[in-house]
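Because the structure is a prediction, the values reported are computed rather than measured. Numbered from 1 within each chain, the chains take letters A, B, ... in sequence-line order.
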Amino acid sequence: MLDIQLIRQKTSEIKASLNIRGSDYDIDKIINLDKQRRTLLQQTEQLKSKRNKTSKDIGNMKDNQSRVTLIDEMREVGNQISSLDNEVRKIESTLHKLMLEIPNIPHSDTPVGENDKDNVTIKEVGTKPSFDFIPKPHWEIGTNLGLIDFERGVKLSGSRFYVLNKGIARMQRALINFMLDLHTQQGYSECYLPFMVKEINFTAAGQLPKFADNIYRDIEDDAWFVTTAEVPLTNLHRDEIISSNDLPLFYTAYTPCFRREKFAAGKEVRGIKRGHQFDKVEMYALTTPDSSDEALNKLLIDAEETCKLLNLTYRVQRLCSGDLGFGSQITYDIEVWSPGCNEWLEVSSISNCGDFQARRANIRYRPKKNTKTEYVHTLNGSGLGIPRTLIAIIENNQQSDGRIQVPEALVPWMSNEEMIG
RNA sequence: GGAGGGAUGGCCGAGUGGACGAAGGCGGUUGUCUUGAAAACAACUGUGGGGGUAACCUCACCGGGGGUUCGAAUCCCUCUCCCUCCGCCA
């Protein structure tokens, strides 16, 4: 959520910044409602002040005649107050709903663009492997070895679900452990989170109201399946005032991610690239405003480190304004090369949300003793998405005989198994 | 799932219609005293909104929401969470 005071004071700048995201937002309506709200607030508060004072007097009065007169008078004032309060409530609820729909303001040096084609490649690390045979896509390799079972996945759960067996199932588990151990070493605190959370967590993290269609949920019990660990991690400190000594906070967590998104079948969704359920290890940071740039850099370096250790060729993209996530000011994507699919696969998205989520989730800290509280900055980054990492490993390390070599760094997490298949 | 009990400031804990944003204690900060520390004493010590250049004024908040009343921490309704007992269960 944006700061209403900022919208009030720097209206045209905000409009211009939002404009480069490529959608229209009715800032004028917000300004207008805010104005109305404050006008009414002043009226109602004046009346309340009068009622408070008079009520006190009534308690102390001896003369019954004037007492009764005042009580009658205050009854009328009370009626006025409740009708004004109702108006204020209505306006505030409308205003709040509108505010929740406004995305974050892109960082000032965000490249302007429409979609992912306008993202800027910042660097490319490693070289694409060459093969003396035609590299296969992972769905062929996996199916040939009996390690990925699409049919049975569909039988169990419908399209876009799959079953992993033996070596690949184990490699998936190994990757989770490998990444959690690595991030712990990098200074993140590991936590195990609920995979279902209450609706409010999604609103606070910025997934609602916009992405309601993408979330699996049980309305009856207000239990919503996490779409990413970012959602519970954002809410870990919701409604808290964090001691500034404790900042920055770095967390890492593994969760499955459940996404309802409806895609057309076809090449885009072939294999295990886009399931309704996938695993991910997430990195998350809460910082003071002056150190979030530094933290963003750390998240990026740490995610890159994961790719490097797994021997993956990757590139880093700076997202353009049109491709930026709803809550993000700056986002870097890391994409790994997959020779079988012949494309770059996004395995990590690393974002600085500034105080956008913190304002929604009401996460604050006190810069100095006896000063006002301020909102923290929040950052998140995948470290990494598991299925696509798996794809890259399978396709990059495929052998001419169809087997898959386990990356050296992963071998200890695979009971020292060096070859799958 | 059934029955009962509870939720008050950073913490403990008083408060059943007006003098309560809330006693008292602990903790914290600052000051006095002291060579220094401790002790003692004193003052200060919640959050958010609105107005004002500012001093400051004002409103709201005693788990959440709603209601009764001139006036609610206090009365009523409702929801959530916690505790105890019973049942069920991996």
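In this structure, A/Thr44 reaches neither bases nor backbone, as no heavy-atom distance under 4.0 Å exists between it and the strands shown. Within 4.0 Å of A/Arg359, counting heavy atoms only, lies no atom of the nucleic acid at all. Within 4.0 Å (heavy atoms only), A/Gln5 reaches sugar-phosphate atoms of the nucleic acid but no base atom. Nucleic acid contact for A/Arg51: sugar-phosphate only, since backbone atoms but no base atoms lie under 4.0 Å from a heavy atom of the residue. Using a 4.0 Å heavy-atom distance criterion, A/Ser49 is classed as a sugar-phosphate-only contact. Among the atoms of the strands shown, only primed sugar atoms or phosphate atoms (P, OP1, OP2) are found under 4.0 Å from some heavy atom of A/Asn52. Heavy atoms of A/Ile58 sit under 4.0 angstrom from at least one base atom.
B/U74 and B/G65: their P atoms are spaced 13 Å apart (whole Å). B/G87 and B/U45 have their C1' atoms separated by 50 Å, given to the nearest Å. Straight-line distance between the C1' atoms of B/C11 and B/G46: roughly 13 Å, to the nearest whole Å. Nucleotides B/A60 and B/G71 place their P atoms 12 Å apart, quoted to the nearest Å. Spacing between B/U68 and B/U16 at atom C1', rounded to whole Å, works out to 16 Å. Taking the P atom of each, B/C77 and B/C85 are spaced 28 Å apart, rounded to whole Å. When the P atom is compared between B/C75 and B/C62, the two are found 14 Å apart, to the nearest whole Å. With C1' as the reference atom, B/U47 and B/A22 are 15 Å apart, rounded to whole Å.
Side chain of A/Arg364, nearest nucleotide from B/U47, B/G71, B/G50: B/U47. Set against B/G50, B/A19, B/A60, the side chain of A/Lys48 has B/A60 as its closest nucleotide. Between B/C70, B/G50, B/U47, one nucleotide has an atom nearer to the side chain of A/Arg8 than all others, and that is B/G50. Candidate nucleotides B/U47, B/C70, B/G50 were compared by shortest atom distance to the side chain of A/Ile71, and B/C70 ranks first. Comparing B/A19, B/U47, B/G49 by their nearest atom to the side chain of A/Lys372 picks out B/G49. With B/U47, B/G50, B/G18 as the choices, the nucleotide that has an atom nearest any side-chain atom of A/Arg366 turns out to be B/U47.
When the C1' atom of B/C70 is taken as reference, atom CD of A/Glu73 falls 10 Å away, rounded to whole Å. When rounded to the nearest whole Å, the span between CG of A/Leu95 and P of B/G49 equals 14 Å. Following rounding to the nearest Å, A/Asp239 (CG) and B/G64 (C1') show an atom-to-atom distance of 12 Å. Distance A/His96 NE2 to B/G49 C1': 15 Å, rounded to the nearest Å. Rounded to an integer number of Å, the gap from A/Glu92 CD to B/G50 C1' is 11 Å. Note: CE (A/Met74) to P (B/U68) measures 18 Å, nearest angstrom. In this structure, A/Ile81 places its CD1 atom 13 Å from C1' of B/U69, rounding to the nearest Å. Summarising the geometry, the separation between CD on A/Glu374 and P on B/U47 is reported as 13 Å, rounded to the nearest angstrom.
Of the charged side-chain nitrogens involved, none lies within less than 4.0 Å of a carboxylate oxygen, so that A/Lys10 and A/Asp3 do not count as a salt-bridged pair. Ionic pairing of A/Glu343 and A/Lys273 is present here: one or more N-O contacts between side-chain nitrogen and carboxylate oxygen are shorter than 4.0 angstrom. Taking the charged nitrogens against the carboxylate oxygens, A/Asp85 and A/Lys48 do have a contact shorter than 4.0 Å, which makes a salt bridge.
With A/Ser49 as the fixed residue, the side-chain hydrogen bond (donor to acceptor under 3.5 Å, both in side chains) test singles out one of A/Lys53, A/Glu45, A/Gln46: A/Lys53. Each of A/His237, A/Glu190, A/His183 was compared with A/Tyr251 under the side-chain hydrogen bond (donor to acceptor under 3.5 Å, both in side chains) criterion, and only A/His237 meets it.
Between A/Leu70 and A/Ser55, the residue anchored closer to the 5' end of RNA chain B is A/Ser55, taking for each the nucleotide with the nearest heavy atom. Map A/Lys53 and A/Ile4 each onto its nearest nucleotide of RNA chain B; the residue landing nearer the 5' end is A/Ile4.
Using a 4.5 Å heavy-atom threshold, the side chains of A/Arg238 and A/Ile200 count as touching. Put simply, the side chain of A/Thr227 does not reach to within 4.5 Å of the side chain of A/Phe258, judged on heavy atoms. No side-chain heavy atom of A/Tyr284 sits under 4.5 Å from any side-chain heavy atom of A/Leu236.
For B/U47, the paired base is B/A60 (Watson-Crick or G-U wobble, both distances below 3.5 Å). When both pairing distances are held under 3.5 Å, B/U53 makes no Watson-Crick or G-U pair with any nucleotide shown. Of the nucleotides present, B/C86 is the one that pairs with B/G1 by Watson-Crick or G-U wobble criteria, both distances under 3.5 Å. Across the strands present, B/U80 finds its partner in B/A7; the criterion is a Watson-Crick or G-U wobble pair with both atom distances under 3.5 angstrom.
In this model, the phosphate group of B/C70 is not approached by any side-chain N or O of A/Arg67 to a distance below 4.0 Å at OP1 or OP2. Dashed line: the shortest gap from a side-chain N or O of A/Arg75 to OP1 or OP2 of B/C70 is under 4.0 Å. In terms of phosphate contacts, A/Thr373 brings a side-chain nitrogen or oxygen within less than 4.0 Å of OP1 or OP2 of B/G48.
Under 3.5 Å, the side chain of A/Glu45 and the base of B/G51 form no donor-acceptor pair of N or O atoms.
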